[in-house]
Structures are given as C-alpha cells and as structure tokens.
Amino acid sequence: RDYFIALKEGKQESVSPIVVGRRALQPLFTDGVARRSEDGEFQGIILVSLDPNYFLSFYEEMLPGEMHQSLSLVRQDGAILVRYPKMPGQVAVVPQSAPFFLGIGTDPISGALTGVSPLDGTKKIIAYRRVANHDLYVVSAGSLSHVWNSWLSYMALAAGLLLVPSGLLCGIIIFAIRKVKDQRVAW
C-alpha cells in the first residue's frame with residue numbers, strides 16, 4: 001500500500017486515504033509511523049486503523065441537526081476521510097480548484113476564507129486547521145447566506161429590544177420637558 005511505501009522511503013508519518021479493511025471489509029483509514037534504527041535504517045511501521053464512523057458520530061454530536069454547516073477531516077492532498085453531514089454521491093477528493101487549497105497554499109497551519117464550495121456550489125465561510133504532526137486538516141464550512149440571515153435575525157431582535165426601551169426613555173424625556181415648560185408658564 002502507498003502509505004507503507006511512503007514510510008519506507010523516508011517519510012516519518014503517513015495517513016492513508018479511505019481503504020477497505022481486508023478482514024472486516026469495512027472502510028477505514030490508517031495512521032502509520034515509521035520505525036527506524038539509530039542509524040536510520042527502516043525497521044517497519046506502527047500502524048493504527050481508524051474507523052471513519054467514529055469521527056462521523058463525533059462530528060454529528062458537534063453539529064446536531066445542523067444542515068448549514070459541515071465538518072470534514074481532509075488529507076493534505078484533498079482526500080476526504082470523513083465529512084458530516086454525508087453528501088449523496090459522496091465525493092472522495094476535494095478538487096484542486098477548491099478554496100481549501102487556496103487557503104493552505106497561503107497559510108498551511110490554519111486560516112479562514114470565503115469561496116464557492118465545489119461540493120455543493122454554494123458560497124461558504126471555510127475555516128481549517130492542520131492536525132499537529134500530520135498532513136491532515138479539520139475543515140469547517142458554513143453557508144454564507146445562512147450566517148448572514150442568522151446575523152440579520154439577531155440584529156433585528158437586538159434592534160427591537162433596544163428600540164422599545166429607547167422609545168420609552170424618549171417619551172419620558174419629552175413628558176418631563178413639557179412638565180418643566182408648564183411649570184415655567186405657571187410662575
């Protein structure tokens with residue numbers, strides 16, 4: 001497999017794309033670390049198999065019922081290991097034209113940007129962060145129109161809550177000014 005070859009040829013750590021396990025015949029991905037002797041000779045690998053469903057259920061807990069945002073675990077080459085919510089006709093690789101690649105080309109550690117998602121064609125706010133010591137990224141993408149509409153709803157509520165007491169305060173001030181004027185006339 002590719003990850004074994006990469007580790008044998010000198011890479012210290014490697015995460016595989018989604019593969020089907022040979023025994024359970026279930027999708028999984030692996031995280032492997034090369035074992036080397038003191039003089040640098042390759043002695044094998046330590047490999048952990050990871051079930052994408054574990055991450056999927058974790059992401060689902062983070063975004064319960066939220067359909068305007070997604071969380072993904074993506075390799076540096078764009079291979080999608082996990083994405084919540086799942087998309088019909090699941091895309092296995094982020095296209096090179098995606099805003100994600102523009103972002104990691106500018107700042108490979110973390111960043112946020114806006115762009116049109118090639119996965120569903122909607123404008124998104126995209127934030128990403130590299131997983132320490134791995135060529136993996138956690139990517140969050142939210143619908144820009146949903147964020148904008150949520151912000152407008154919040155601002156309308158805040159404006160309403162501020163306008164009512166402000167109107168009452170202005171009414172009290174106008175009433176007080178008229179009372180002062182009436183008292184001056186009476187003197």
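Please read these numbers as outputs of a predicted model, since none were measured by experiment. Both backbone and side-chain heavy atoms feed into the values below; hydrogens, waters and symmetry mates do not.
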Taking every non-hydrogen atom, the tightest pair across Ile104 and Gln76:
CD1-O, 4.1 Å
Set of residues satisfying ring pair (Phe, Tyr, Trp, His ring centres under 6.0 Å) with respect to Phe101, sequence neighbours excluded
none
Indicate yes or no for a side-chain donor-acceptor contact from Gln12 to the backbone of Ala34 under 3.5 Å, with no hydrogens or angles considered.
yes
In short, Val82 meets Leu56 closest at the heavy-atom pair CG1-N, 3.8 Å
Rounded to the nearest 0.5 Å, the CG atom of Asp77 sits from the CD atom of Gln96 at a distance of 8.5 Å
Check Ile126, Val147, Ile125 against Thr114 for a side-chain contact (heavy atoms from CB on, under 4.5 Å) and give me the one that passes.
Ile125
State yes or no: do Val48 and Val138 share one hydrophobic cluster built from I, L, V, M, F, W and Y residues joined by side-chain heavy-atom distances below 4.5 Å, directly or via other members?
yes
Same hydrophobic cluster for Leu144 and Trp148, using side-chain heavy-atom links shorter than 4.5 Å among ILVMFWY?
no
Ring centroid separation for Tyr59 and Tyr54, is it under 6.0 angstrom?
no
side-chain contact (heavy atoms from CB on, under 4.5 Å) assessment of Lys123 paired with Ser145
CA-CA 7 Å; Lys123 189 146 185 161; Ser145 65; over 6 Å; no
Residue pairs involving residues 131-141 (criterion salt bridge (Lys or Arg N to Asp or Glu O under 4.0 Å); sequence neighbours excluded)
Lys11-Asp135, Arg130-Asp135
Is Leu102 reachable from Val116 through a run of I, L, V, M, F, W or Y residues, each pair having side-chain heavy atoms under 4.5 Å apart?
no
Looking at CZ of Arg36 and CD1 of Ile45, how far apart are the two atoms once the value is rounded to the nearest 0.5 Å?
11.0 Å
State, to 0.1 Å, how close Arg22 and Leu25 come at their nearest heavy-atom pair, and which atoms those are.
O-CD2, 3.8 Å
Would you call the rings of Tyr128 and Tyr137 parallel, tilted or perpendicular if under 30° counts as parallel and over 60° as perpendicular?
perpendicular
Counting N and O atoms only, with roles assigned by atom type, does the side chain of Ser37 sit under 3.5 Å from a partner on the main chain of Glu41, one being a donor and the other an acceptor?
yes
Got Val94 and Val74 here, is their nearest side-chain heavy-atom distance under 4.5 Å?
yes
Output the distance between atom CD (Gln26) and atom OG (Ser49), rounded to the nearest 0.5 Å.
12.5 Å
Are side-chain heavy atoms of Val19 and Leu28 found at a separation under 4.5 Å?
yes
Any chance you could lay out the side-chain contact (heavy atoms from CB on, under 4.5 Å) test for Ile177 and Lys179, step after step, and finish with the verdict?
CA-CA 5 Å; Ile177 290 171; Lys179 281 292 191 184; over 6 Å; no
Worked verdict on Leu73 versus Phe29 for side-chain contact (heavy atoms from CB on, under 4.5 Å)
CA-CA 11 Å; Leu73 186 61; Phe29 62 96; 3.9 Å; yes
Ring centroid separation for Phe58 and Tyr84, is it under 6.0 angstrom?
no
Between Arg75 and Ser16, the two heavy atoms sitting closest are NH1-C, 3.3 Å
CG on Leu157 to CG on Leu162, rounded to 0.5 Å
9.5 Å
Cluster overlap Ile174 with Val180, hydrophobic side-chain contacts below 4.5 Å:
no
On a heavy-atom basis, the closest approach of Pro52 and Pro27 is CD-O, 3.4 Å
Within a strict 4.5 Å, meaning less than it, do heavy atoms of the Pro99 and Pro118 side chains meet?
yes
At their closest point, which heavy atom of Glu13 faces which heavy atom of Asn133, and how far apart are they?
OE1-O, 3.5 Å
In Å, rounded to the nearest 0.5 Å, how long is the span from CG of Leu81 to CG of Leu136?
6.0 Å
Output for pair (Leu71 CG, Gln69 CD), nearest 0.5 Å, gives 6.0 Å
Assigning hydrophobic clusters by single linkage (Ile, Leu, Val, Met, Phe, Trp, Tyr; side-chain heavy-atom cutoff under 4.5 Å), is Ile109 placed with Leu113?
no
Test item: Pro85 and Ser70 side chains (from C-beta on) under 4.5 Å apart, heavy atoms:
yes
